[in-house]
Amino acid sequence: MLDTIPPEVLGLIAYHISIDTLQPPTSILQSSKQLNETLSPQSNPNLYAKIFKDTFDISAATRRCTSPLTARKLTDELELRTRALGRLKRRVKDGKVGGVEERDLWVIYILLIEHGTSLASSCG
């Protein structure tokens with residue numbers, strides 16, 4: 001049934017699921033191979049770039065980058081940030097914050113510089 005919905009509508013559904021949870025729209029991606037191919041980050045980087053732009057401040061990233069920020073670059077950055085935040089959230093929940101990897105610390109550091117205290121309220 002979801003296979004009959006136009007890709008643009010599926011993209012909007014996936015967008016709203018992702019923007020609310022700051023997680024990929026896994027439930028839709030896993031529902032069928034065709035939907036996965038339509039909505040995956042590899043085949044639909046514009047969707048994930050929009051999620052990035054509407055979730056994070058891109059002005060800082062624009063200043064730091066020497067080349068244009070493409071949809072692919074924003075998608076990659078979204079994946080990097082959401083994975084780092086997810087790992088940190090799990091460690092906090094488990095009470096094992098001391099073992100956070102250096103790469104995740106750098107991601108979190110950049111996020112805090114870009115967003116300050118507003119990051120904590122938007123990711124909790």
Student: Indicate yes or no: at least one non-hydrogen side-chain atom of Asp104 is less than 4.5 angstrom from one of Leu88.
Tutor: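 No, side chains not in contact.
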Student: Using the rule that two of Ile, Leu, Val, Met, Phe, Trp, Tyr join whenever any of their side-chain heavy atoms come within less than 4.5 Å, decide whether Leu12 and Leu10 are in one cluster.
Tutor: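 Hydrophobic grouping puts Leu12 apart from Leu10.
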Student: State, with a plain yes or no, whether a side-chain heavy atom of Pro25 is found less than 4.5 Å away from one of His16.
Tutor: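 Result no, sub-4.5 Å side-chain heavy-atom pair not found.
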Student: Report yes if some heavy atom in the side chain of Glu101 is under 4.5 Å from a heavy atom in the side chain of Arg91; otherwise report no.
Tutor: no
Student: Checking Thr75 side chain against Pro41 main chain: does a donor-acceptor pair fall under 3.5 Å?
Tutor: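 Here the side-chain-to-backbone pair does not exist.
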Student: Do the side chain of Tyr48 and the main chain of Leu39 share a donor and acceptor less than 3.5 angstrom apart?
Tutor: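 Yes: the side chain of Tyr48 pairs with the backbone of Leu39.
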Student: Do any N or O atoms from the side chain of Lys73 and from the backbone of Pro68 form a donor-acceptor pair under 3.5 angstrom?
Tutor: yes
Student: Please tell me if the side chains of Ser18 and Phe52 come closer than 4.5 Å, counting only heavy atoms from C-beta onward.
Tutor: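 No, every pair of side-chain atoms sits at 4.5 Å or beyond.
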Student: Is Leu35 close to Leu29 at the side-chain level, that is, under 4.5 Å between some pair of heavy atoms?
Tutor: no
Student: For side-chain contact (heavy atoms from CB on, under 4.5 Å), just list the numbers for Asn44 and Asn46, CA-CA rounded to whole Å, side-chain angles, deciding distance to a tenth of an Å, and then say yes or no.
Tutor: CA-CA 5 Å; Asn44 199 342; Asn46 291 328; 4.2 Å; yes
Student: Side-chain contact, heavy-atom cut-off 4.5 Å: Ile110 with Arg81?
Tutor: yes
Student: Would you mind reporting whether Ile108 and Leu85 have side-chain heavy atoms less than 4.5 Å apart?
Tutor: yes
Student: Are Asp94 and Arg90 ion-paired here, with the side-chain N under 4.0 Å from a carboxylate O?
Tutor: no
Student: Could you report the tightest heavy-atom contact between Gln42 and Arg72, atom names first, then the distance?
Tutor: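 Scanning both residues completely, I find the closest heavy atoms to be CA-NH2, 3.4 Å.
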